[in-house]
Amino acid sequence: MKYEAVLFDLDGTLVDTIPYWQDAYLETLEDHGVHMEPEEFIHVSYVLNRSLPDTLKHLGLENTVDIGEFRRQRDERYCDLLRKHTEWITGAEEVLQKLHEIMPLGIVTGSWRHYVDAIAEKLDFKHYFDVIIDANAMDNAKKMKPDSYGLFLAAKELGVDSTRCVYVGDLHIDVVAANHAM
């Protein structure tokens, strides 16, 4: 089968942002009097892909923390870290350089646009991609992975059938989304 486009997840696949997400989240939790071990955080928030309200509920904070203020504090920290420290996953930029010459490329990420833009301030990467689908484009995160909506949307914007795309990601939810897009 000849593929017509390659779609990528962003965080943990092309760029190493997970440590900064963890730091921003855990520091903000500490500001609200909650200590969480990094291993628990990775499992609860990243691997299980829990939303902020679900994570706060898991911690028993759903009625004591203003979600909007928590999100603002966390995101401010996170974007600052992204602008200063984001690095490519080893070999990722070289792969993009080669693939960009032969076929359309896209990003389908659960990250919000302001995260993507903060990464782009550190690493000039947007020119490699013909389409970037972020959480804002996925109906404000109502159709996030493992739902394949973002993959269908990217394929449509690229003018290719989703079954003719390859999706590269780092989590099980990426595999589930890709399988549902076939």
Engineer: Let's go through Val65 and Leu59 carefully: what are the C-alpha distance in whole Å and the side-chain angles of both, what is the deciding distance for side-chain contact (heavy atoms from CB on, under 4.5 Å) to 0.1 Å, and is it a yes or a no?
Structural biologist: CA-CA 11 Å; Val65 172; Leu59 296 169; over 6 Å; no
Engineer: Heavy atoms, side chains only, cut-off 4.5 Å: are Val15 and Leu82 in contact?
Structural biologist: no
Engineer: Nearest 0.5 Å please: distance from the CD1 atom of Ile119 over to the OG1 atom of Thr86.
Structural biologist: 5.0 Å
Engineer: For the residue pair Gly110 and Ala135, what are the closest heavy atoms and their distance?
Structural biologist: O-CB, 3.4 Å
Engineer: Is the shortest side-chain heavy-atom distance between Val116 and Phe125 below 4.5 Å?
Structural biologist: yes
Engineer: Within a strict 4.5 Å, meaning less than it, do heavy atoms of the Leu151 and Cys165 side chains meet?
Structural biologist: no
Engineer: Would you find a donor on one side and an acceptor on the other, under 3.5 Å apart, between the side chain of Asp130 and the backbone of Leu105?
Structural biologist: yes
Engineer: How close do Ala5 and Val160 get, counting heavy atoms only, and between which atoms?
Structural biologist: CB-CG2, 4.1 Å
Engineer: Might you point out which heavy atoms bring Val108 and Tyr167 nearest each other, and give the distance in Å?
Structural biologist: O-OH, 2.8 Å
Engineer: Rounded to the nearest 0.5 Å, how far apart are CD1 of Ile89 and OG1 of Thr17?
Structural biologist: 8.0 Å
Engineer: Side-chain contact test, heavy atoms from C-beta onward, threshold under 4.5 Å: evaluate it for Leu99 versus Leu96 and give yes or no.
Structural biologist: no
Engineer: What verdict does the side-chain contact (heavy atoms from CB on, under 4.5 Å) test give for Asp23 and Arg77, after you've listed the backbone C-alpha separation in whole Å, the side-chain angles of each residue and the deciding distance to 0.1 Å?
Structural biologist: CA-CA 9 Å; Asp23 289 350; Arg77 278 188 171 115; over 6 Å; no
Engineer: Could you grab the distance from atom CD of Gln22 to atom CG of Leu81, nearest 0.5 Å is fine?
Structural biologist: 11.5 Å
Engineer: Find the distance between OG1 (Thr109) and CG (Leu10) and round it off to the nearest 0.5 Å.
Structural biologist: 5.0 Å
Engineer: Given side chains that start at C-beta, do those of Glu4 and Asp161 come closer than 4.5 Å, heavy atoms only?
Structural biologist: no
Engineer: Is there a side-chain contact (heavy atoms from CB on, under 4.5 Å) between Glu62 and Ile67 once you walk through the steps?
Structural biologist: CA-CA 8 Å; Glu62 69 272 20; Ile67 292 175; over 6 Å; no
Engineer: Gln73 and side chain to side chain donor-acceptor pair (under 3.5 Å): which partner among Glu69, Glu76, Arg71?
Structural biologist: Glu69
Engineer: Atom NE2 in His114, atom CG in Asn136: separation rounded to 0.5 Å?
Structural biologist: 8.0 Å
Engineer: Can you tell me how far apart CD (Glu37) and CD (Glu40) are? Round to the nearest 0.5 Å.
Structural biologist: 8.0 Å
Engineer: Indicate yes or no: at least one non-hydrogen side-chain atom of Phe70 is less than 4.5 angstrom from one of Leu52.
Structural biologist: yes
Engineer: Verify side-chain contact (heavy atoms from CB on, under 4.5 Å) between Leu61 and Leu29, making sure each step is shown before the conclusion.
Structural biologist: CA-CA 10 Å; Leu61 298 173; Leu29 283 172; 4.2 Å; yes
Engineer: In terms of ring plane angle, is the pair Trp21 and Phe41 parallel, tilted or perpendicular, where the classes change at 30° and 60°?
Structural biologist: tilted
Engineer: Would you please indicate if the ring centroids of Tyr78 and Tyr20 are separated by under 6.0 Å?
Structural biologist: no
Engineer: Which pair of non-hydrogen atoms, one from Leu158 and one from Pro104, has the smallest distance, and what is that distance?
Structural biologist: CD2-CB, 3.9 Å
Engineer: Taking all non-hydrogen atoms of both residues into account, name the closest pair between Tyr149 and Ala137 and its distance.
Structural biologist: CE2-O, 3.7 Å
Engineer: Is the closest side-chain donor-acceptor distance between Tyr115 and Asp75 under 3.5 Å?
Structural biologist: yes
Engineer: Within 45° of the ring axis of Tyr3 and under 6.0 Å from its six-membered ring centre, is that where the NZ or CZ of Arg164 lies?
Structural biologist: no
Engineer: Taking NZ, NE, NH1 and NH2 as the nitrogens, is one of them in Glu87 or Lys122 under 4.0 Å from a carboxylate oxygen of the other?
Structural biologist: yes
Engineer: Does anything in residues 91-113 pair up under salt bridge (charged side-chain N to carboxylate O under 4.0 Å, His left out), and if so which pairs, sequence neighbours excluded?
Structural biologist: Arg113-Asp134
Engineer: Quick check: do His35 and Leu26 have side-chain heavy atoms less than 4.5 Å from each other?
Structural biologist: no
Engineer: Please name all residues satisfying side chain to side chain donor-acceptor pair (under 3.5 Å) with Asp117, sequence neighbours left out, ordered by chain then number.
Structural biologist: Lys126
Engineer: Is there a side-chain contact between Ile107 and Ile133, using heavy atoms and a 4.5 Å cut-off?
Structural biologist: no
Engineer: Would you mind telling me which of Ile132, Leu14, Val166 makes a side-chain contact (heavy atoms from CB on, under 4.5 Å) with Phe8?
Structural biologist: Leu14
